[in-house]
Amino acid sequence: MSFSAPGWLLILALTPLALAAYLAAQRRSRRYAVRFTALDTLRAAAEGGGSMWLRHLPAALVIAAIAALAVALARPRETYRVAIDQASIMLVTDHSGSMAADDVQPSRLAATETAANQFIDRVPAGVKLGAITFSTTADTVQGPVTSHAAARQVIDAQRAGGSTATGDALALALELLHGATRHHPPSAVILLSDGSANAGVDPVAVARQAAQERIPIFTVALGTPAGQVNAGPFQTPVAVPPDPQLMAQIARSSGGRSFNAQSAGELSSIYSHLGSQLGSLTRHREITSRFAAAALVLLVAAAGLSARIAGRFP
């Protein structure tokens, strides 16, 4: 459980003080009762000793009500999981020129296609699945639909080439998931890229927008620091290391998770893990009303018991 306004929880510190004040008042009242004794009163007290604890119950209920009210003012939220059958997922894969590197066998792009297809195999049939492939622009787009074969065709048709416009592709994925209304089903984006974004809008800014729309982005950085691509038969190979720092920042800014893969086996394992993890999505809801209602019930109970037992409020 988390709180939107945790400062109100400081009120909880008053509950021990209230309890101490009540106990002190009870000790004073007992001293006066002994000083001004009456045989009839003592006899009645002895006969009803088994129910003496009821005299203290109204005060205990009031103190509990104060604690419940403090929690309510702090606006508590609980975490729950939403079934994936209600969700939409966008696969966003990079096929820029650096994806031709063969540090991941047989190549980064080929390993991506294999792992993405394994992920699609694990996605429940009722989930809407879409795909975007991108390099200099988001060039192949399939919106989320229940026919997973459409996303598979997009993934399998990639060819390495061009720059890396990660932000543009993510923005398009959010647009497809979000639609024209602010009310969308539970959604997620899975981004796989091997290099730093070098074209288009800032992907971290898009990730912050995704967080506002409650669409987590799960990122996978593919490749090794030694990755290279051949620019031509008579040219020096170009280094194309992955950028896991950027990918981690995108995931963190959106509320998702980041992964690194330096081999085809690791990549397949990550996609399998994501397929299982996205069996449900995490959501938060405010439960202030529960604690407010509990505080009200406790106060009403305290008043009723006090009126019945002692003829006064505690």
Side-chain angles (χ1 to χ4, degrees), residues 79-95 109 111-134 138-158 166-193 203 206-222 247-248 250-259 261 267-284:
T79 300
Y80 66 102
R81 306 289 292 182
V82 179
I84 194 68
D85 287 340
Q86 306 172 28
S88 298
I89 299 174
M90 287 296 301
L91 282 171
V92 180
T93 62
D94 173 9
H95 67 92
L109 185 57
T112 296
E113 292 175 350
T114 299
N117 278 299
Q118 291 176 353
F119 171 82
I120 294 173
D121 291 339
R122 297 180 65 91
V123 174
V127 174
K128 292 183 178 180
L129 182 65
I132 295 176
T133 61
F134 71 96
D139 44 34
T140 308
V141 179
Q142 171 62 57
V145 293
T146 53
S147 174
H148 300 171
R152 200 184 299 273
Q153 290 177 355
V154 171
I155 296 297
D156 291 342
Q158 298 177 90
T166 306
D168 292 349
L170 291 176
L172 180 55
L174 294 185
E175 182 180 344
L176 292 172
L177 289 171
H178 192 59
T181 173
R182 292 185 62 84
H183 301 286
H184 57 77
S187 306
V189 176
I190 298 177
L191 167 67
L192 189 142
S193 178
V206 178
R208 295 192 187 103
Q209 178 187 344
Q212 294 176 356
E213 299 182 8
R214 297 183 179 181
I215 301 177
I217 301 174
F218 297 85
T219 64
V220 182
L222 175 65
M247 300 291 274
I250 292 172
R252 183 170 57 252
S253 298
S254 70
R257 289 186 58 191
S258 60
F259 303 88
L267 180 59
S268 296
S269 176
I270 289 170
Y271 266 98
S272 296
H273 173 75
L274 286 172
S276 300
Q277 181 175 352
L278 292 177
S280 60
L281 294 177
T282 300
R283 285 290 179 265
H284 303 278

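Positions are given from 1 along the sequence.
- Between the Gln158 side chain and the Ile155 main chain, a donor and an acceptor come within less than 3.5 Å of each other.
- Rounding to the nearest 0.5 Å gives a distance of 13.0 Å between CG of Asp94 and CD1 of Ile132.
- With sequence neighbours excluded, the residues satisfying side-chain contact (heavy atoms from CB on, under 4.5 Å) with Ala251 are Thr219, Ser258.
- The two residues Leu176 and Gly143 have their closest heavy-atom pair at CD1-CA, 4.2 Å.
- Taking CG of Leu170 as the start and CD1 of Ile217 as the end, the distance is 4.5 Å to the nearest 0.5 Å.
- Taking NE2 of His95 as the reference point, atom OG1 of Thr112 lies at 11.5 Å (rounded to 0.5 Å).
- Nearest approach of Ala210 to Ser254, heavy atoms of both residues: CB-CB, 4.2 Å.
- Residues satisfying the side-chain contact (heavy atoms from CB on, under 4.5 Å) test with Ser253, not counting sequence neighbours, are Val204, Ala207, Arg208, Gln249.
- Atom OG1 in Thr93 sits 11.0 Å away from atom CD1 in Ile190 (nearest 0.5 Å).
- Residues Leu177 and Ile89 share a closest heavy-atom pair of CD2-N, 4.3 Å.
- For Asn117, the side chain to side chain donor-acceptor pair (under 3.5 Å) partners are Arg152, Asp156, not counting sequence neighbours.
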From CA spacing to verdict: side chain to side chain contact (heavy atoms under 4.5 Å, CB included), Leu91, Phe119 | CA-CA 10 Å; Leu91 282 171; Phe119 171 82; 3.9 Å; yes
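- Taking all atoms of both residues into account, the shortest heavy-atom contact from Ala171 to Val206 is N-CG1, 3.6 Å.
- Residues meeting the side chain to side chain donor-acceptor pair (under 3.5 Å) test with Gln209, sequence neighbours left out: Glu213.
- The distance from atom CG of Leu192 to atom CG of Leu109, rounded to the nearest 0.5 Å, is 9.5 Å.
- Considering only residues two or more places apart in sequence or on other chains, Gln142 meets the side chain to side chain donor-acceptor pair (under 3.5 Å) condition with none of them.
- For Thr146, the side-chain contact (heavy atoms from CB on, under 4.5 Å) test picks out Lys128, with sequence neighbours left out.
- We find the NE2-CG distance between His148 and Leu129 to be 5.0 Å, quoted to the nearest 0.5 Å.
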